[in-house]
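On a predicted model such as this, the values are computed, not experimentally measured, just so you know. These values consider heavy atoms only, across backbone and side chains, with no hydrogens, waters or symmetry-generated copies. As the structure lists them, so they are numbered: ligands from 1, and atoms in each ligand from 1.
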Amino acid sequence: MPHLDAPTVIRTKRDGGVLSDAAIDWVIDGYTHGRVADEQMSALLMAIFLKGMAPAEIARWTAAMVDSGERFDFTDLRRDGKPLALVDKHSTGGVGDKITIPLLPVVMACGASVPQAAGRGLGHTGGTLDKLEAIPGFTAELSKAQIRQQLRDIGAAVFAAGELAPADRKIYALRDVTGTTESLPLIASSVMSKKLAEGARSLVLDVKVGRGAFLKTEAESRELASTMVGLGNANGVPTRALLTDMNCPLGRTVGNSVEVAESLEVLAGGGPSDVVALTLALATEMLDAAGIDGADPAETLRDGSAMDCFRALVEAQGGDLSRELPIGAASETVTAPHSGFMGDLDAMGVALAAWRLGAGRAQPGEPVQFGAGVRIHRTPGEPVAAGEALFTLYTETAERLPAALAELDGAWTVGDTAPTRRPLIIDRM
Ligand code: URA
């Protein structure tokens, strides 16, 4: 093998070259084991961000990240004597995107089993783990034995990737604080390394498009979707994707505990119509991908069986839903300057407000505030009366409120007519 060193690998990508398979394997292995320093990987990530990667480089980078850790295999597990229908879903990152929380119980109730390696917040977007950990006692640090037991007994486990793709865990945390999140090769390899390693037999991706997504244009999101679908199919995990709107936040909450509370409303048969619609659309895709016929996902929300599955999942992972969800002690309400209709609502402005309130991180490993977030009282198209509450902001740290209010300023309008919105589900690939 030729001699490899980090400065040469960085310079190759900085100058627009293609990294060899050997260079990719070496740098991922070296970073995982501490032989490549954070500052060297940061420089390489920025070079990848600026220069991109060829399809073969993305495939090798993803494979090297999978090979950095264990690959789970649950095909030996049986329920009622039958192999488990192992399927998962992953989103490329959105604002108010709490869909995993109601979706998992819906598909559990329909007979699927979901081994879900979930992530923490990244950039302006929230993470499923940060949200679920807002439930008092909930832990995502599960042993492999516990994941296997939950899959067999209740049909799902949500876990921190841990020993799966440990290279992604380190790179993900570094991207979060080095301005290198919004990169197609880095998103595709990050998502797919975890998903190929976690033991799902098929996969449904929710690829976000719009202002609150990492990739803003439909063309970029389509390319991301087709790259990830290609990676899944080439690695023996049949993969499909929905392209969904992320110009406005999903639902009426953005943050941690506020999103859990909204998910509980959905599981109780209510909740915002967009959250319900996307949950059911993704559930339909997951059940089809898992080969489960004849189940009605909507019925599981009406008859309470999805709520029962959520309770079982939370209890298995140490959570206590009888205790109150935390909510920030300091709050501020933004009111309507005049009557009309809620106009545009920029997902990025709302996301940055939630982040400033403490719902996300500015430093690697920093704790998030579970009770930080934004409640949206009026969504686009809804009538608004002068002086009525439009948003409530929550934080534990009152000094954070002015910066959060400044992010929200200019992210919304109240107009004379209701705006037209593009469909929630833009395409299916
Ligand atoms: N989800 C991930 O796991 N990684 C990304 O880069 C974006 C979303």
K.L.:
Is the backbone N or O of Val237 less than 3.5 Å from a side-chain atom of Thr239, with the two atoms forming a donor-acceptor pair by type?
P.N.:
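Present.
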
K.L.:
When you measure from atom 3 (O) of ligand 1 to every protein heavy atom, which one gives the shortest distance, and what is it?
P.N.:
Lys194 NZ, 2.6 Å

K.L.:
Going by the closest heavy atom to atom 4 (N) of ligand 1, which one wins out of Ser190, Gly127, Ser189, Ser91?
P.N.:
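Among Ser190, Gly127, Ser189, Ser91, the closest heavy atom to atom 4 (N) of ligand 1 belongs to Ser190.
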
K.L.:
At under 4.0 Å between heavy atoms, is it the side chain or the backbone of Asp168 that contacts ligand 1, or both, or neither?
P.N.:
neither

K.L.:
Applying salt bridge (charged side-chain N to carboxylate O under 4.0 Å, His left out), name anything that partners Lys51, two or more places apart in sequence or on another chain.
P.N.:
none

K.L.:
When you measure from atom 8 (C) of ligand 1 to every protein heavy atom, which one gives the shortest distance, and what is it?
P.N.:
Thr92 O, 3.4 Å

K.L.:
What do the steps show when you test Gln146 against Gln317 for side chain to side chain donor-acceptor pair (under 3.5 Å), and what is the final call?
P.N.:
CA-CA 9 Å; Gln146 186 172 352; Gln317 300 198 203; over 6 Å; no

K.L.:
So does Arg428 pair up with Glu285, basic N to acidic O under 4.0 Å?
P.N.:
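Yes, Arg428 and Glu285 are salt-bridged.
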
K.L.:
Does Arg378 CZ have over 12 foreign heavy atoms under 6.0 Å away?
P.N.:
yes

K.L.:
For atom 1 (N) of ligand 1, grab the closest protein heavy atom and report residue, atom and distance to one decimal in Å.
P.N.:
His90 NE2, 3.3 Å

K.L.:
Give the atom numbers and elements of ligand 1 that come within less than 4.0 Å of a heavy atom of Tyr172.
P.N.:
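Per the distance check, 2 (C), 3 (O), 4 (N).
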
